*Asks:* 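I have a structure here, written as structure tokens, and I will follow up with some questions on it.
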Amino acid sequence: MRKALKLYIILFFFVLPPTAIAQNNFDLIPKPALLRMDNGLFRFKAHTSVQVSPEFRASANLLMEHPAIKEITIQKINAKDPADILIKKATKADQLSPKAYSLQIRAKGIVIKAWDAPQVIEAIQTLLQLGYLQDDPERLAAAQIIDQPRFSYRGLHLDVSRHFMPLSFLKKYIDLMALYKFNQFHWHLTDGAGWRLQIKRYPELTEKAAWRTHVHWKDWWTHGRKYTDRGAPNAGGGFYTQEEAKELVAYALQRGINIIPEIEMPAHSEEVLAVYPQLSCTGLPYTQSEFCIGNEQTFVFLKNVLDEVLAIFPSKYIHMGGDEADKRHWKTCPKDQALMRREGLKTVDELQSYAIRQMDIYLQSKGRKLIGWDEILQGGLTEGATVMSWRGEEGGIRAANTGHDVIMTPGSYLYFDSYQTDPRTQPEAIGGYITLEKVYSYNPVPAAIASDKVQHILGAQANLWTEYIPTTEHAEYMAFPRALALSEVNWTPPQFKSWEDFHHRLQSHYRLLQNLNVNYFRPSYNVAYRAVYNAADKTSRVTLTTEQNDPRNIRYTVDGSEPVLSSKVYEGPFDLGKSAKIKAAFFWDESPIGPVLEFDVDIHKAIGKPVQYISQWDGYAAQKEQTLTNGITGGLTYHDGQWQGFTEPIDLVVDMEATQPIHTIAMNFMQTIGPGVYMPGEMEVLLSGDGRHYQPVGKVMNDVSPKEARLTFKRFELSLDQPVNARYIRVKASNPGKGYLFTDEIMVY
Ligand code: ACM
């Protein structure tokens, strides 16, 4: 009996290694450049012995974070005594490129090789992630990984001015960044909503400018925007002492992450000017956001601040802001005007450039480099500056093509303060609509960059502005999992990227994020759609998507009825030959588990007909003259290339190219008041046979309140009692909100 049992154990042991591969999870994010599974299984023991080349000694301590490692001894390399984990400096014989690491997992031990510490840290982070991904972190299948990043700059930003975030959270943020191979943390430390770093020479910055009358930014923003004293009953805010900032710098450095502090100038500086009003043009607090450039004391102040900042942050890059300056005050300020005359500066843009150049020269004298937002291109880019392109990619393209380094952080892809799913289902955000898939689709090297300038794109960064993000839990919700998509954008060459493959691997990371207690955005049960008109066969191709892994849980109808269990299962894109009202929902067992999506596909008589613009679109051209009769309606965001934006009342003529009976005319509008997008007051329709004499045939009045804060869509539809024969259809829409009007299609039946 005992013998038989023993044999069974031995057999079991022998059978294990091949199945070990199947049981192990190698769904790494970002995807490694080379991953080869081998036979065998490494087992972590209660005590792990590590041998390490001396230069990597500090990095080896990170292994303590592996979920299977309880105790560790770290020693120098000793060929006689085998180690569980060996960390060696690469040699020529390894044929490893300078930015790569090699991670070899075998039954008898794990070997990490690299030339430098950052790559050793990346290898250890891969090992940690593998630990987090396993059901049983003590067992790891044999494999060989050779890996290196596409970009040297892999950034994540956090605004701690709009809402202060405690140091403990910043460490968690850094941990997660490191796990996903980010290497730059852009710490937005100062802004109009609060100064967050102790500066010993200027105590008022943290005794007053770090404290607001309201904890929540929105309350403060809508109620006077005043600062109060530290310790006052209502004071909301906070700051980091220099010791705390140094602690975070060291913490990040050990995890391969450099911290870039941002000290905003010349704008976004209301908090400084509230406590040192002598640095503004008026000399009065609460009058402007911009420093007075013509006042020498401004530069004395900024350089003194920088002296303390540089002593805390070893970063080669220091961010000086430079965005969104309102240059009005400089135009009338005697000090600014005198400086402009003295320096021969012709415009206030050049005055801003002068200010940035002073900072650039100062930073260079200290062996550092300046980063600024893309507005620093206006008025001439200072020589040593690196540009952070946020207002789209144009600034980045211009800077790279003229030989400047660029970090891409375009608002349309990488602003993680945007909504990530249907805004109507989400906590209030600043606006926008950037899904996980949209982040994943981003390529930081636009086609317009000359091939010999591509190396100036250092990489990409996502920004997390916190106006509408008052808590650390909410910050996690907005950053994750979108940060995982960016991680792969920065790491993996485009030819090896695949959304389907990433989305599949992501499923394993939900448990990892749960285990690490990250309040990530759970994939919603919303259904989204795309309808693309095909002029050749006059059909519309409808694609339904879900954030869940399996779209076959979507059921839909095309006759306006509610989707039920017996409704059509979504198997893939389908074509419609006539107009339809579609309803779709994600099903769990027998019933919808999310909201029912409802939309119209319009195959109408004006498709392909020319549109004459009596009033022109403004800024948001979408598909220009084709937009409003291309058969394609817009989605949830006015950035999607189908919504055309107007700031004047709309006045357009559709030429139907032949006289015909007109029954119905409809236009869609959207309202999202955060960015100033409103419904028209009314839509009016006039018809004409000759294009000169128009007959008004009716109006549709708006019934959506201009105070309605949720994203709202309305179809303005005019149905005539009797069809009218006409060739020209003139549509007008008033603009009482004086903001933007957005419309996507003029539908005619
Ligand atoms: C920015 O978003 N103002 C850089």
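Residue numbers run from 1 in the order of the sequence given. Everything numeric in this text was worked out from a predicted model, so none of it was measured. Remember, it's 1-based here, ligands and their atoms both numbered in the order they're listed.
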*Asks:* With respect to F742, which candidate in W617, Y638, Y678, F713 satisfies the ring-ring contact (aromatic ring centres under 6.0 Å, His included) definition?
*Replies:*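 In the set W617, Y638, Y678, F713, the residue that makes a ring-ring contact (aromatic ring centres under 6.0 Å, His included) with F742 is Y638.
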
*Asks:* Testing the 3.5 Å rule here: is there a donor-acceptor pair between the side chains of Q461 and T409?
*Replies:*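 The criterion, which ignores hydrogens and geometry beyond distance, is not satisfied for T409 and Q461.
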
*Asks:* Ring of F480, cation from R482 - is the NZ or CZ under 6.0 Å from the centre and inside 45° of the axis?
*Replies:*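 So R482 doesn't make the cation-pi contact.
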
*Asks:* One line per pair, note the atom names and distance for all nitrogen or oxygen contacts under 3.5 Å between ligand 1 and the protein.
*Replies:*
from	atom 1	to	atom 2	distance (Å)
ligand 1	2 (O)	Y415	OH	2.6
ligand 1	3 (N)	D323	OD2	2.6
ligand 1	3 (N)	E324	OE1	3.1

*Asks:* Are R328 and W330 in a cation-pi contact, defined as NZ or CZ under 6.0 Å from the six-membered ring centre and within 45° of the axis?
*Replies:*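 No, R328 does not sit over the ring of W330.
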
*Asks:* How are the rings of Y240 and W187 set relative to one another: parallel (under 30°), tilted (30 to 60°) or perpendicular (over 60°)?
*Replies:*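 The rings of Y240 and W187 sit tilted, inter-plane angle from 30° to 60°.
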
*Asks:* Are the aromatic ring centres of Y740 and Y620 under 6.0 angstrom apart?
*Replies:*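 Close enough - the centres of the two rings lie under 6.0 Å apart.
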
